[in-house]
Amino acid sequence: MKPLCQIDKAMTLAAPRVRKKARPAKVVQKTAARKKTVRKRAAAKPPAPREPAPRAATLLAWYARHRRHLPWRARPSEPADPYRVWLSEIMLQQTTVKAVGPYFERFLARWPRLQDLASAPLEDVLKLWAGLGYYARARNLHVCARAIVERHGGAFPDTEDTLRTLPGIGAYTAAAIAAIAFGRKATPVDGNIERVIARLHAIETPLPAAKPLIHAHAQALTPARHAGDFAQAMMDLGASLCSPKRPACALCPWNDACAAHRRGDAETFPRKTPKANGALRRGAAYVAVRADGAILARVRPPAGLLGGMMEVPTTDWTHDFDERDALAHAPFKAAWQRVPGVVRHVFTHFPLELTVYRARAAAGARPPKDARWLPQHKIANEAFPNVMRKVIAHGISD
DNA sequence: GATCCGTGGAC
DNA sequence: TGTCCAAGGAT
């Protein structure tokens, strides 16, 4: 493999630009026997050379110039803060950098140190997390903070294996923290890195089956030193030049090493097996408004969908919801009125359609069991997920 | 391995 | 408008 690299490099430099319509797939899979033939023909028509092996140093040099400046990122040559790295990594799971920014700042301002977060009530953590989605992350964040204080004396574990034992920290996050915060040689592989590697090697195996292969390639590329910078460089590359839809291969520091680029169809990688979308679920939600404007609200069950978050009373959300049964599930007897229109919301695995009913309650009305009257001005700072904010807005509209 | 978990933005 | 996607983890 290594010796070929020298040959290929030489060929790349010597050969004229390869035609786009070449058949690189077959070139890659040439047998030793066929190579002879090709070499003979090479005099007349140079074969498509294989890509030179990608070099970590090449990417690190690019990173030094083009790295993003992010709130949780230490400046070059400054030590990383494990607390910040951890907090950001949890928030960034399946979430865009742009969305995380303000949440990260608010969390850090409210709980500057791990110990502060660990001693905070879960309720407060969920309030600050509201709107960011995937609320199990917030619950695990809280449990994790307490575990580090109790099991590790408040100091973050500095090895991948030990980090992996903490709630909310999986293979990716453990490797990311080990590499970025502690300089360990670890290889986190996120969606960005999967894409970069899949293109680099033109991997035809679709995700998620290709994960082990992709991880092996990423691991082979990881340098012994600066593994944290290397991981972040891979992610920055994937977030900027090596983007999902229209990769800017011309600007990529690794374009000479990229098999997919040579094929000319980098944007088609990684291959993916399509996942089925959930069927529509429907239900009714009840916005009860007391004379002083307070809204009837309750806390959802601690686990599962929107676990531990606030909601207004609703029916179950089912595929066969019957509108005619809606009033039978209202939280109390009243002159419920159906608010025209519906509230639509799309979760990861199913779309939801809620019809909203509204009723007024007397000033002294007692809340039903497990529910309470919430002053309207407090709604903004309570742990309502967005779907519930939509429902309330719809319910109190005219 | 397949499902369950939110949300907002880009195209 | 529909689809895809974003620094994944838990079960």
Side-chain angles (χ1 to χ4, degrees), chain A residues 67-68 70-73 84-104 126 129-141 143-144 163-181 186-196 206-212 215 218 228 230-240 242-246 267-268 270 272-279 281 300-309 311 317 344-352 383-390:
Chain A
R67 56 180 295 175
R68 290 177 290 178
L70 304 171
W72 45 85
R73 221 173 235 184
R84 288 179 173 235
V85 172
W86 165 70
L87 180 59
S88 66
E89 287 300 340
I90 301 298
M91 286 185 165
L92 285 162
Q93 288 167 6
Q94 295 292 287
T95 308
T96 57
V97 166
K98 184 184 176 185
V100 165
Y103 283 86
F104 179 81
L126 291 178
W129 196 280
L132 198 54
Y134 284 133
Y135 300 100
R137 290 184 299 169
R139 302 194 297 271
N140 284 330
L141 184 82
V143 178
C144 184
L163 285 163
R164 185 69 183 77
T165 67
L166 293 166
I169 298 183
Y172 162 79
T173 306
I177 296 174
I180 297 170
T187 307
V189 179
D190 73 329
N192 286 310
I193 298 177
E194 280 179 349
R195 185 169 58 254
V196 171
L207 287 171
K211 280 175 181 286
H215 188 273
F230 179 73
Q232 294 178 93
M234 292 277 276
M235 292 188 267
D236 278 19
L237 184 67
S240 56
C242 199
S243 57
K245 299 292 176 59
R246 297 185 57 179
E267 72 278 3
T268 68
K272 291 192 177 183
T273 53
K275 42 191 158 190
N277 253 342
R281 300 186 201 179
R300 292 177 59 86
L305 182 66
L306 305 174
M309 301 295 286
E311 68 172 2
W317 305 340
R344 291 192 175 82
H345 192 80
V346 180
F347 292 101
T348 310
H349 51 301
F350 69 91
L352 175 66
F384 285 103
N386 279 7
V387 62
M388 284 301 148
R389 295 182 189 276
K390 285 189 202 174

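Here is the naming used below: chain letters follow the sequence lines, and residue numbers restart at 1 for every chain.
- Not a single ring-ring contact (aromatic ring centres under 6.0 Å, His included) links A:H215 to another residue, sequence neighbours left out.
- Here A:Y172 pairs with nothing under the ring-ring contact (aromatic ring centres under 6.0 Å, His included) rule; sequence neighbours left out.
- Within the 4.0 angstrom heavy-atom criterion, only backbone atoms of the sugar-phosphate kind lie near A:R195; the bases stay farther away.
- Separating the P atom of B:dG6 from that of C:dT11 is a span of 14 Å, rounded to the nearest Å.
- Looking at heavy-atom distances under 4.0 Å, A:S88 makes no contact with the nucleic acid at all.
- The side-chain hydrogen bond (donor to acceptor under 3.5 Å, both in side chains) test applied to A:T173 returns A:Q93, not counting sequence neighbours.
- Residue contacts for A:P188: at a heavy-atom cut-off of 4.0 Å it reaches no nucleic acid atom on any strand shown.
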What string of B, S and - do you get for nucleotides 1-11 of chain B 5' to 3' if you count protein non-hydrogen atoms under 4.0 Å?
-> ---SBBBS---

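- Applying the salt bridge (charged side-chain N to carboxylate O under 4.0 Å, His left out) criterion to A:R68, with sequence neighbours excluded, gives A:D236.
- Nucleic acid contact class of A:W72 (heavy atoms, under 4.0 Å, all strands): base.
- A:W72 meets the ring-ring contact (aromatic ring centres under 6.0 Å, His included) test with A:F104; sequence neighbours excluded.
- Here, C:dA7 and B:dT3 have their P atoms 24 Å apart, quoted to the whole Å.
- Legend: residues meeting salt bridge (charged side-chain N to carboxylate O under 4.0 Å, His left out) with A:E89, ordered by chain and number and at least two apart, are absent.
- Legend: residues meeting salt bridge (charged side-chain N to carboxylate O under 4.0 Å, His left out) with A:R300, ordered by chain and number and at least two apart, are A:E311.
- When DNA chain C is scanned in the 5' to 3' direction for atoms under 4.0 Å from non-hydrogen atoms of chain A, the outermost contacting nucleotides are C:dC5 to C:dA10.
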